[in-house]
**Student:** 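The following block contains the structure, expressed as structure tokens.
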Protein chains: 2
Amino acid sequence: MTTTKTDYRASPAPAASQAHILVVDDDAQIRQLAAKFLREHGYRVSMARDGREMRGILEATSIDLVILDIMLPGGNGLDLCREIRASSALPVIMLTALGADTDRIVGLEIGADDYLGKPFNPRELLARINAVLRRTRGSVGTPQGTGHRLQFEGWSLDTRRRELTNPDGVVVDLSTGEYELLLTFLDYPQRALSRDTLMDSAKHRVATGFDRAIDIQVSRLRKKLDSSEDGQAMIKTIRGTGYMFVPAVTRA
Amino acid sequence: MTTTKTDYRASPAPAASQAHILVVDDDAQIRQLAAKFLREHGYRVSMARDGREMRGILEATSIDLVILDIMLPGGNGLDLCREIRASSALPVIMLTALGADTDRIVGLEIGADDYLGKPFNPRELLARINAVLRRTRGSVGTPQGTGHRLQFEGWSLDTRRRELTNPDGVVVDLSTGEYELLLTFLDYPQRALSRDTLMDSAKHRVATGFDRAIDIQVSRLRKKLDSSEDGQAMIKTIRGTGYMFVPAVTRA
DNA sequence: AGGGGACTGAAACAAACTGAAACACGGCTG
DNA sequence: CAGCCGTGTTTCAGTTTGTTTCAGTCCCCT
């Protein structure tokens, strides 16, 4: 995996780049790893070792999202999650040990916005962060929750309903894969994305080397975006590198 | 975006952490176990051995939720549940002996908000308590007992009567399984739920691997929700993952 | 300018996944 | 006891997705 060389966007920063994330984990290695990766992707990151430190940081600074290990010494992560939820709507993503399915149930019901098994793929973490932020952005404090709509060249992708609407207002059916792919593009517009990046961001899996899955998926997506005149041009091929989503993207 | 201290789900919690729970069970061990666990998780807990003690505590203090064993010496737990319901909207979770009759019991008009097979996983108990409190929040103390009604796109699900009403005001019959499934969806709208999660949240059991039970149940539920035009779209399939309930859900 | 290798677009096929009808099973009702 | 209802399983058809394959493009080199 490579950290894409192009630096991040010139235009409508999906605001993701400004979000401030707090990583709570007692394992220094995981903390560092996550922090490094997230910083490279434009987030501000703070870290805490336990509940006490977490509270301190939450009070001292303005955090947009918390990543919380479910297993913390002296104080279950679930309790911390509930504690957060008792007083705010701060988005929380739980890290759970693999295979502990009871935690899975509870992680859901306890009010976490998402959860991720350890060890996790950094890109998947990123994807989920984006998804959660997208879901909660604007909805926090705004009852009717605007902000879940991504627009470009008259098109609109409702991330809540997973629905794409063309400039004429007609809903265009997208398969799950096409939706995820488009979403990835919309998260990083005007930026060359390698097949690798697209693969694990959109499909949550690693490229197998001689894999053309992304190509064909791009091709299919293009076809659907093509109903308008310059649909073809929306996703530009960057030879030897990957693809780039050209139009400017705004949130509504 | 700022860390708004507003809750986006519902009104900001009569803080789960402050809720007062009454455990009614004649088995001292279970009482202790549940109480200890719940206290560790921030609840206030009272205990009663039978119906008489229960009444005493209900009158003396302010209880937010009752956990009630269905098998009690001298006085069926079901009767106690009805008794509670006759005079209040106090949420009740029933503990039932594991096995055959759980399903049947639930189908009956006991009016419990949820149930749990014994022996139970403490975390699952916690999860269901949270879910029930979230659902009924605001209803307790409100004489008219609103709050047990979940609404979406003109539809309304009355969790007390286990009754679904379509936008025209017509009651649509739901089987037990369909009801539980819909309830789970309504608890976690706009969120991809895996078959596993749906299975143990809605059916109180673990998926057996090559299980299509959820699929067919979703299919049946869809059909019933379909009487309106875009019923099909309400439950979206997320290939390779599970299902998602699309409409916004409000409690009334 | 021409040729060759590497890369991409997309059709064709195959595998995986999902929808739903049909059937089977168990409990309940009359 | 026969039939009905709710539910899970089986099964088959329809979708979606990934791989293979081949043709067309682009780039570099001579």
Side-chain angles (χ1 to χ4, degrees), chain A residues 162 164 172-184 192-196 198-226 231-245, chain B residues 96 99-109 162-164 172-184 192-196 198-200 202-226 231-245:
Chain A
R162 295 184 150 240
L164 177 65
V172 176
D173 276 326
L174 287 184
S175 75
T176 302
E178 289 158 355
Y179 170 81
E180 298 281 350
L181 180 60
L182 177 55
L183 195 52
T184 301
L193 300 173
S194 73
R195 290 181 174 73
D196 275 4
L198 290 168
M199 188 60 107
D200 40 34
S201 172
K203 304 210 170 305
H204 303 189
R205 64 167 220 200
V206 205
T208 64
F210 29 62
D211 213 338
R212 303 284 309 278
I214 286 294
D215 297 60
I216 180 65
Q217 205 67 301
V218 165
S219 155
R220 284 167 178 151
L221 183 54
R222 272 178 175 155
K223 203 175 294 176
K224 294 202 177 175
L225 289 175
D226 207 12
Q232 197 64 328
M234 280 200 230
I235 301 174
K236 184 182 289 184
T237 303
I238 301 187
R239 190 180 173 80
T241 305
Y243 299 92
M244 186 174 95
F245 191 78
Chain B
T96 79
D101 40 14
T102 53
D103 283 341
R104 177 169 49 87
I105 288 166
V106 172
L108 300 179
E109 27 58 81
R162 298 186 150 241
E163 217 174 62
L164 177 65
V172 176
D173 277 326
L174 286 185
S175 74
T176 304
E178 289 158 356
Y179 170 81
E180 299 277 346
L181 181 59
L182 178 56
L183 190 54
T184 300
L193 300 174
S194 72
R195 289 181 174 73
D196 276 4
L198 290 169
M199 191 59 111
D200 41 37
K203 303 216 167 305
H204 301 241
R205 62 168 223 201
V206 204
T208 66
F210 28 58
D211 215 337
R212 303 283 309 276
I214 286 293
D215 297 58
I216 180 64
Q217 205 68 300
V218 166
S219 159
R220 284 168 178 150
L221 184 53
R222 272 178 175 156
K223 203 175 295 175
K224 295 202 176 174
L225 290 175
D226 207 13
Q232 196 65 328
M234 279 202 231
I235 301 174
K236 194 158 285 194
T237 303
I238 300 180
R239 175 176 249 259
T241 304
Y243 298 92
M244 185 177 97
F245 190 78

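Proteins get letters first, then strands, A, B, ... in listed order; numbering begins at 1 in each.
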**Student:** What integer distance in Å separates B/Ile235:CD1 from C/dG19:C1'?
**Tutor:**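 After rounding, the gap between these two atoms is 13 Å.
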
**Student:** Find the distance B/Arg222:CZ to C/dA20:C1' and express it as a whole number of Å.
**Tutor:**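 Roughly 11 Å, once rounded to whole Å.
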
**Student:** Nearest-Å distance, CZ (B/Arg239) to C1' (D/dG14)?
**Tutor:**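 To the nearest whole Å, that distance equals 11 Å.
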
**Student:** Can you spot which of A/Asp211, A/Asp200, A/Asp215, A/Thr241 makes a side chain to side chain donor-acceptor pair (under 3.5 Å) with A/Arg195?
**Tutor:**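 Of the listed options, the one satisfying the test is A/Asp215.
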
**Student:** Please identify which of these residues, B/Val218, B/Leu193, B/Leu174, meets the side chain to side chain contact (heavy atoms under 4.5 Å, CB included) condition with B/Leu181.
**Tutor:**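 The residue from B/Val218, B/Leu193, B/Leu174 that satisfies side chain to side chain contact (heavy atoms under 4.5 Å, CB included) with B/Leu181 turns out to be B/Val218.
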
**Student:** Could you check B/Arg222 against B/Glu178 for salt bridge (Lys or Arg N to Asp or Glu O under 4.0 Å), going step by step and ending with a plain yes or no?
**Tutor:** CA-CA 10 Å; B/Arg222 272 178 175 156; B/Glu178 289 158 356; over 6 Å; no

**Student:** Would you check if the side chain of A/Thr176 reaches a backbone N or O of B/Arg239 as a donor-acceptor pair within less than 3.5 Å?
**Tutor:**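 Indeed, once roles are kept as given, a pair shorter than 3.5 Å links the two residues.
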
**Student:** Whole-Å distance between D/dT16 P and A/Arg162 CZ?
**Tutor:**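 So the two atoms are 14 Å apart, to the nearest Å.
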
**Student:** Rounded to whole angstrom units, what separation is found between the NZ atom of A/Lys223 and the P atom of D/dT17?
**Tutor:**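 Taking atom P of D/dT17 as the reference, NZ of A/Lys223 is at 13 Å.
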
**Student:** Could you state the atom-to-atom distance from CZ of A/Arg212 to P of D/dT21 in whole Å?
**Tutor:**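 Computing the A/Arg212:CZ to D/dT21:P distance gives 13 Å.
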
**Student:** Take the protein atom CG of A/Asp215 and the nucleotide atom C1' of D/dT19, then report the distance between them rounded to whole Å.
**Tutor:**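 In whole Å, D/dT19 C1' and A/Asp215 CG are 12 Å from each other.
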
**Student:** Would you check if the side chain of B/Lys224 reaches a backbone N or O of B/Asp173 as a donor-acceptor pair within less than 3.5 Å?
**Tutor:**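 At least one qualifying donor-acceptor pair exists.
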
**Student:** Starting at atom CZ of A/Arg195, determine the distance to atom P of D/dT17, rounded to an integer number of angstrom.
**Tutor:**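 After rounding, the reported distance stands at 18 Å.
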
**Student:** Any base atoms under 4.0 Å from B/Tyr179, or only sugar-phosphate, or nothing? Heavy atoms, all strands.
**Tutor:**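 Answer is nothing: B/Tyr179 stays at 4.0 Å or more from every strand.
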
**Student:** Could you tell me whether the side chain of A/Leu182 reaches within less than 4.5 Å of the side chain of A/Phe245, counting heavy atoms only?
**Tutor:**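 A side-chain contact under 4.5 Å exists here.
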
**Student:** Closer than 4.0 Å, any side-chain N/O of A/Thr237 to the OP1 or OP2 of C/dT8?
**Tutor:**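 It does not, given that no N or O in the side chain of A/Thr237 lies less than 4.0 Å from OP1 or OP2 of C/dT8.
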
**Student:** Please compare A/Gly242 and B/Thr241 by the position of their nearest nucleotide in DNA chain C and report the one closer to 5'.
**Tutor:**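 Comparing both residues, the 5'-ward one is A/Gly242.
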
**Student:** Might you list the N or O atoms of the protein lying below 3.5 Å from N or O atoms in nucleotides 6-8 of chain D, with each pair's distance?
**Tutor:**
{"residue": "D/dT7", "atom": "OP1", "partner": "B/Gly177", "partner atom": "N", "Å": "2.8"}
{"residue": "D/dT7", "atom": "OP2", "partner": "B/Ser175", "partner atom": "OG", "Å": "2.1"}
{"residue": "D/dG8", "atom": "N7", "partner": "B/Arg220", "partner atom": "NH1", "Å": "3.3"}
{"residue": "D/dG8", "atom": "O6", "partner": "B/Arg220", "partner atom": "NH2", "Å": "2.7"}

